[in-house]
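Positions are given from 1 along the sequence.
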Amino acid sequence: MHILLNGENHELEDSLSISALLEQTGLSGKRIAVEVNESIVPRSLHGDTFVNEGDKIEIIHAIGGG
């Protein structure tokens, strides 16, 4: 399955949940925001939201400062 992940083509063997995708990319447990096809996916739905063929996914790291 082909998706666009942070502006780059990415190949997945199977459909994954957002949570599984984050684990696969080493971002699980980090302070991030996930957008799928220009819609923010709340953290509470990461396990229930699955990646589909052709999805455009943006993973944004939260940076604190002050």
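Listed by chain and residue number, nothing satisfies the side-chain hydrogen bond (donor to acceptor under 3.5 Å, both in side chains) test with E38 (two or more places apart in sequence, or in another chain). For L4, the side chain to side chain contact (heavy atoms under 4.5 Å, CB included) partners at least two apart in sequence or on another chain are N9, K56.
Of the inter-residue distances, the one linking H46 atom NE2 with S28 atom OG reads 10.5 Å to the nearest 0.5 angstrom. Taken to the nearest 0.5 Å, the CD1 atom of I59 stands 11.0 Å off from the CD atom of E35. Atoms CD and CG, from Q24 and L5 in turn, are 10.0 Å apart once rounded to the nearest 0.5 Å. For the atom pair CD1 of I57 and CG of N52, the computed distance is 9.0 Å after rounding to the nearest 0.5 Å. Taking OG from S15 and CG from D55, the interatomic distance works out to 8.5 Å, rounded to the nearest 0.5 Å. Between the CD1 atom in I3 and the CG atom in L21 there is a gap of 5.5 Å [rounded to 0.5 Å].
Other residues, nucleotides and ligands contribute over 12 non-hydrogen atoms within 6.0 Å of the CD atom of E53.
By the rule that hydrophobic residues join a cluster once side-chain heavy atoms approach within less than 4.5 Å of another member, F50 and I32 end up as members of separate clusters.
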field: Intermediate values then yes/no, side-chain contact (heavy atoms from CB on, under 4.5 Å), L27 and H61
entry: CA-CA 9 Å; L27 296 171; H61 294 263; 3.3 Å; yes
- request: Please lay out, stage by stage, how H2 and H10 fare under the test side-chain contact (heavy atoms from CB on, under 4.5 Å).
  value: CA-CA 6 Å; H2 292 87; H10 194 76; over 6 Å; no
- prompt: Step by step, would you call V34 with I60 a side-chain contact (heavy atoms from CB on, under 4.5 Å)?
  reply: CA-CA 6 Å; V34 179; I60 300 134; over 6 Å; no
- prompt: What do the steps show when you test V36 against V51 for side-chain contact (heavy atoms from CB on, under 4.5 Å), and what is the final call?
  reply: CA-CA 8 Å; V36 177; V51 177; over 6 Å; no
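The heavy-atom pair separating I40 from P42 by the smallest distance is O-CD, 3.6 Å.
In this structure a side-chain-to-backbone donor-acceptor pair under 3.5 Å is present from S19 to G47.
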